[in-house]
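Scroll down for the structure; my scribbles are underneath it.
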Amino acid sequence: MAAEKDQQKDAEAEGLSATTLLPKLIPSGVGREWLERHRAAIRPWGAFVDQRCFSRPRNLGELCQRLVRNVEYYQSNYVFVFLGLIVYCVVTSPMLLVALAVFFGACYILYLRTLQSKLVLFGREVSPAHQYAMAGAVSFPFFWLAGAGSAVFWVLGATLVVIGSHAAFHQIEAVDGEELQMEPV
């Protein structure tokens with residue numbers, strides 16, 4: 001018990017606590033800016049799942065209008081729904097977890113190896129891109145056995161169904177400055 005606390009203190013001293021690990025894993029740049037922008041644009045989840053705001057569209061025109069407006073309005077929420085479905089798919093598939101562990105383990109070993117010295121194979125220096133391609137090639141059989149292809153299509157299909165149904169049945173909220181539209185009688 002005391003050894004675990006000492007290890008945790010050492011990890012926190014090195015900057016590896018659970019609260020700081022994720023931001024350090026995402027390097028500064030385009031990916032981090034994209035994630036920050038989407039996190040800042042998330043609409044309230046209470047309004048996103050409010051059951052009173054769901055109804056059947058009256059006609060095809062209203063359906064199309066709802067789809068376009070809700071996808072624009074709830075875009076960041078939909079991104080996180082998609083990421084949640086990816087996490088669900090990975091966590092519920094043990095073989096996919098093993099394949100991902102093999103891939104990221106190989107990448108980490110290559111990363112550590114390049115910190116020590118350049119990787120030379122058959123008298124030629126191997127570039128980092130080629131090293132990661134080799135890691136992918138080594139882990140490809142594991143992804144094949146895990147059914148990664150079907151997992152990708154499951155995630156895409158589930159995302160289309162969940163987001164499409166939400167966007168189609170969630171009523172459009174009135175936006176200030178929008179002109180009134182008259183319904184034909």
Side-chain angles (χ1 to χ4, degrees), residues 17-104 107 132-133 135-136 139-185:
S17 66
T19 58
T20 61
L21 186 60
L22 185 59
K24 286 187 177 186
L25 288 176
I26 302 172
S28 60
V30 177
R32 185 181 199 109
E33 290 172 8
W34 180 85
L35 183 63
E36 295 290 332
R37 188 174 58 245
H38 279 283
R39 283 180 59 193
I42 292 178
R43 304 295 180 181
W45 289 100
F48 182 75
V49 296
D50 187 10
Q51 293 179 356
R52 294 172 292 176
C53 293
F54 287 91
S55 68
R56 188 174 62 101
R58 290 182 297 240
N59 54 33
L60 185 61
E62 184 181 2
L63 173 73
C64 293
Q65 186 179 21
R66 281 186 184 188
L67 285 171
V68 170
R69 291 277 305 276
N70 281 332
V71 168
E72 288 175 0
Y73 188 76
Y74 290 114
Q75 180 180 12
S76 294
N77 295 65
Y78 292 149
V79 166
F80 285 98
V81 167
F82 173 68
L83 293 175
L85 286 170
I86 290 174
V87 169
Y88 172 78
C89 184
V90 169
V91 168
T92 58
S93 175
M95 274 302 289
L96 197 52
L97 282 172
V98 168
L100 286 170
V102 167
F103 175 70
F104 287 119
C107 289
Y132 291 122
S139 58
F140 180 77
F142 292 99
F143 282 114
W144 184 270
L145 290 173
S150 62
V152 167
F153 286 109
W154 180 88
V155 168
L156 290 176
T159 300
L160 286 175
V161 167
V162 169
I163 291 174
S165 344
H166 182 274
F169 294 111
H170 195 274
Q171 295 174 354
I172 299 172
E173 297 180 8
V175 178
D176 293 336
E178 184 179 298
E179 62 184 61
L180 296 174
Q181 294 181 356
M182 304 285 289
E183 288 187 28
V185 185

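Computation of the quantities below employed the complete heavy-atom set of this structure, encompassing side-chain atoms and omitting hydrogens, waters and symmetry-equivalent molecules.
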**OP:** In sequence, state the C-alpha distance, the side-chain angles, and the governing distance for Ile42 and Tyr74, and then conclude on side-chain contact (heavy atoms from CB on, under 4.5 Å).
**Re:** CA-CA 7 Å; Ile42 292 178; Tyr74 290 114; over 6 Å; no

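Ala99 approaches Ser139 most closely through the heavy-atom pair O-CB, 4.4 Å. The two residues Asn70 and Gln171 make their nearest non-hydrogen contact at OD1-O, 4.2 Å. Across all their heavy atoms, Arg66 and Arg56 have their closest contact at NH1-C, 4.0 Å. Annotation for Ala168 and Pro57: closest pair O-CG, 3.7 Å, computed over non-hydrogen atoms.
Counting only distance, with no hydrogens or angles, the side chain of His170 and the backbone of Ala47 share a donor-acceptor pair below 3.5 Å.
Put simply, CD1 on Ile163 and CG on Leu67 are 11.5 Å apart, with the number rounded to the nearest 0.5 Å. The CH2 atom of Trp45 sits 14.5 Å away from atom CG of Asp50, with the distance rounded to the nearest 0.5 Å.
Applying the side-chain hydrogen bond (donor to acceptor under 3.5 Å, both in side chains) rule to Ser150 yields no partners; only residues at least two apart in sequence or on another chain are considered.
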Please set out all donor-acceptor pairs under 3.5 angstrom arising from side-chain atoms of residues 75-91, sequence neighbours excluded.
from  : atom 1 : to     : atom 2 : distance (Å)
Ser76 : OG     : His38  : O      : 3.3
Ser76 : OG     : His38  : ND1    : 3.2
Asn77 : OD1    : Arg43  : N      : 2.9
Asn77 : ND2    : Arg43  : O      : 3.1
Tyr78 : OH     : His166 : ND1    : 2.7

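In this structure, the ring of Phe103 has its center no less than 6.0 angstrom from the ring center of Phe142.
Taking 4.5 Å as the limit, every side-chain heavy atom of Ser55 sits out of range of all side-chain heavy atoms of Glu62.
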